[in-house]
Visitor: 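After the structure tokens below, expect a handful of questions from me.
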Amino acid sequence: MTKLILGIETSCDETAAALVDGDGNIHANQISSQISEHQRHGGVVPEIAARAHIDRIRGVISAAIAYAGVKHSDLGAIAATAGPGLIGGVVVGTVTAKAMAAAMGLPYYAINHLEGHALTARLTHPVQFPFLLLLVSGGHSQILVVEGPGQYRLYGATLDDAAGEAFDKSAKVMGLPMPGGPNIERMAKQGDASRFDLPRPMIRKPGCAMSFSGLKTAVIQAWENGGKAASEAPHLAASLQQAIADCLVNRSRNAMRQFRSDFNIVAPNIAPDIVVSGGVAANQVIRHGLETLAEAEGFRFHAPPIALCTDNAVMIAWAAAEYINAGLAASPRDFAPRPRWPLAEMSDPSWSAAS
Ligand code: KG4
Ligand code: ZN
């Protein structure tokens with residue numbers, strides 16, 4: 001067994017620690033969710049999140065180490081989310097990781113949270129570089145080419161809200177508790193997706209740019225115009241879910257064609273990889289839509305298991321493993337946490353985790 005990497009994730013409302021080895025074996029995956037502390041405020045409150053991370057982080061790391069039944073001397077590196085995210089939480093995670101790395105004489109990896117989402121599928125599936133990535137989370141909706149650790153090319157991103165935000169904001173309008181996405185999905189199971197005629201923003205435009213803020217507005221209107229009746233709400237949930245799925249499928253189709261052209265993969269029997277990742281990738285209708293699209297376009301479709309799509313620390317430890325396996329350097333200990341840290345700017349050395 002290669003030495004273990006301790007990963008720490010604190011960028012939003014989950015305090016998480018995981019142990020992963022360089023071959024991708026998961027030895028521990030601890031997650032302490034703060035959802036009950038934020039639920040009554042209707043959203044994540046940054047100050048509450050930061051304090052909760054401070055209260056929980058030691059216990060979560062100790063639990064991961066105890067679960068794996070390992071000694072501190074079995075650790076080979078410490079990794080933490082260094083952004084993007086709520087800065088209070090990111091500071092808690094990175095300070096803890098740096099202190100541990102300094103005390104134990106181990107290398108420290110400052111990991112981009114989005115890179116964690118991007119690379120997770122390589123831990124669970126045989127995905128090769130370069131691959132196409134649809135990254136859909138609460139704060140981001142992007143389509144990128146992943147050429148290697150730290151090497152991302154942006155094909156398109158949302159111009160306004162993220163897909164997860166469209167779920168979350170619509171759920172709030174509909175009086176559903178957070179997190180909105182899973183609650184909309186649950187309610188939509190009893191609904192007819194063709195009942196409400198919601199828009200599919202951008203789908204007649206070329207390229208991979210997305211837009212979801214108009215959908216939320218359309219849901220508010222539909223809610224006021226009959227959708228709030230108990231018998232209609234499941235239909236509205238199903239219609240919203242289908243509209244988001246259709247937009248993502250449409251944008252991914254353009255991306256697949258651009259990818260084939262950019263990498264000169266013309267033979268239809270050569271199947272490049274497409275990965276969907278981030279919290280919204282847990283949605284079954286979206287997964288199914290993308291899987292069907294991939295089949296039609298001759299791509300191999302991969303989605304990490306649901307528990308690794310939503311925020312976790314396995315993906316942070318694994319991203320560090322990718323850097324180590326690629327022979328890339330660790331991060332300097334004075335690497336400053338970044339509230340904003342676009343993946344497409346990772347290859348710029350001034351942004352790189354491995355600079
Ligand atoms: O990646 P993630 O756990 O956290 C961020 O980095 O943002 O993504 C959270 C987002 C939230 O917007 C949540 O509503 C959405 O993912 N989500 C879902 C589902 N599970 C989580 N959206 C739709 N369907 C789901 N099953
Ligand atoms: Zn995330």
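Just so you know, ligand 1 is whichever comes first in the structure, and atom 1 is the first atom listed for that ligand.
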Visitor: Mark up the atoms of ligand 1 that fall under 4.0 Å of a heavy atom belonging to Glu185, in ascending order.
Guide: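 Close to Glu185: 24 (N), 25 (C), 26 (N).
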
Visitor: Would you tell me whether Thr10 and His53 have side-chain atoms, one donor and one acceptor, within less than 3.5 Å of each other?
Guide: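 Distance-only check fails for Thr10 and His53.
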
Visitor: What I want to check is whether the side chains of Gln142 and Tyr152 have a donor and an acceptor closer together than 3.5 Å.
Guide: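 No donor-acceptor contact under 3.5 Å links the two side chains.
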
Visitor: Closer than 2.8 Å to the Zn ion (ligand 2), what protein N/O/S atoms do you find?
Guide: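 Per the 2.8 Å query on the Zn ion (ligand 2), atoms found are His113 NE2, His117 NE2, Asp311 OD1.
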
Visitor: May I have the step-by-step check of side-chain hydrogen bond (donor to acceptor under 3.5 Å, both in side chains) for Asp160 and Ser211, ending in yes or no?
Guide: CA-CA 6 Å; Asp160 39 56; Ser211 166; 2.7 Å; yes

Visitor: Identify the closest protein heavy atom to atom 22 (N) of ligand 1: which residue and atom is it, and at what distance?
Guide: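 Nearest protein contact, heavy atoms only, for atom 22 (N) of ligand 1 is Gly181 CA, 3.3 Å.
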
Visitor: Taking only heavy atoms of Gly139, which atoms of ligand 1 are found under 4.0 Å from at least one of them?
Guide: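 In order of number, 7 (O).
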
Visitor: So, Asn312 side chain and Thr310 main chain: donor-acceptor pair closer than 3.5 Å or not?
Guide: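 Yes; judged by distance alone, with no hydrogens or angles, the pair exists.
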
Visitor: Which protein non-hydrogen atom lies closest to atom 24 (N) of ligand 1, naming both residue and atom, and how far is it?
Guide: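 That would be Asn283 ND2, 3.1 Å.
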
Visitor: Among all protein non-hydrogen atoms, which one is nearest to atom 3 (O) of ligand 1, and what is the separation to 0.1 Å?
Guide: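 I find the closest protein heavy atom is Asp311 N, 3.1 Å.
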
Visitor: Could you tell me if any non-hydrogen atom of His113 lies under 4.0 Å from any atom of ligand 1?
Guide: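 Yes, His113 has heavy atoms under 4.0 Å from ligand 1.
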
Visitor: Pair Thr94, Tyr108 - check side chain to side chain contact (heavy atoms under 4.5 Å, CB included), show working.
Guide: CA-CA 9 Å; Thr94 50; Tyr108 163 64; 3.4 Å; yes

Visitor: Hydrophobic clusters join Ile, Leu, Val, Met, Phe, Trp and Tyr when side-chain heavy atoms are under 4.5 Å apart, directly or via other members; which others share one with Val45?
Guide: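 So far as hydrophobic clustering goes, Val45 is joined with Ile48.
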
Visitor: Only one of Asn254, Val145, Leu144 passes side chain to side chain contact (heavy atoms under 4.5 Å, CB included) with Tyr155; say which it is.
Guide: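 With Tyr155 as partner, Asn254, Val145, Leu144 yield a single side chain to side chain contact (heavy atoms under 4.5 Å, CB included), made by Val145.
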
Visitor: Under the side-chain hydrogen bond (donor to acceptor under 3.5 Å, both in side chains) test, which residues partner Asn325, sequence neighbours left out?
Guide: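 side-chain hydrogen bond (donor to acceptor under 3.5 Å, both in side chains) check on Asn325 returns nothing, list empty.
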
Visitor: List every atom of ligand 1 that sits less than 4.0 Å from any heavy atom of Asp168, numbering the atoms from 1 in the order shown and giving each element.
Guide: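 By the 4.0 Å cutoff, the relevant atoms are 11 (C), 12 (O), 13 (C), 14 (O).
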
Visitor: Okay, side chain of Asp168, backbone of Gly138: is any donor-acceptor separation there less than 3.5 Å?
Guide: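 Answer holds: no.
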
Visitor: Using a 4.0 Å heavy-atom threshold (strictly under), name the region of His117 that reaches ligand 1: side chain, backbone, both or neither.
Guide: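 Just the side chain.
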
Visitor: Please classify the Thr310 to ligand 1 contact at 4.0 Å (heavy-atom distances, strictly less than): side chain, backbone, both or neither.
Guide: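 Contact part for Thr310 vs ligand 1: both backbone and side chain.
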
Visitor: Is any side-chain N of the basic residue among Lys228 and Glu232 closer than 4.0 Å to the acidic one's carboxylate O?
Guide: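 Judged by the 4.0 Å cut-off on N to carboxylate O distance, Lys228 and Glu232 do not form a salt bridge.
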
Visitor: I need the nearest protein heavy-atom contact for atom 17 (N) of ligand 1: residue, atom name and distance, please.
Guide: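 Atom 17 (N) of ligand 1 sits closest to the protein heavy atom Gly279 O, 3.5 Å.
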
Visitor: Using the ring-ring contact (aromatic ring centres under 6.0 Å, His included) criterion, which residues pair with His235? Sequence neighbours excluded.
Guide: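 So His235 forms no ring-ring contact (aromatic ring centres under 6.0 Å, His included) with any residue.
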
Visitor: Please work out whether any backbone atom (N, CA, C, O) or any side-chain heavy atom from C-beta onward of Met178 is under 4.0 Å from ligand 1, and answer side chain, backbone, both or neither.
Guide: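 Neither; nothing of Met178 gets under 4.0 Å from ligand 1.
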
Visitor: Minimum distance, heavy atoms only, to atom 10 (C) of ligand 1: which one of Gly164, Pro179, Gly138 is it?
Guide: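 Residue with the shortest heavy-atom distance to the ligand atom: Gly138.
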
Visitor: Would Cys12 count as a contact residue for ligand 1, given that I'm defining contact as a non-hydrogen atom of the residue lying under 4.0 Å from a ligand atom?
Guide: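 Distance cut 4.0 Å: Cys12 fails for ligand 1.
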
Visitor: Between the main-chain N or O of Met178 and the side-chain N or O of Gln39, is there a donor-acceptor pair closer than 3.5 Å?
Guide: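 A pair under 3.5 Å: yes.
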
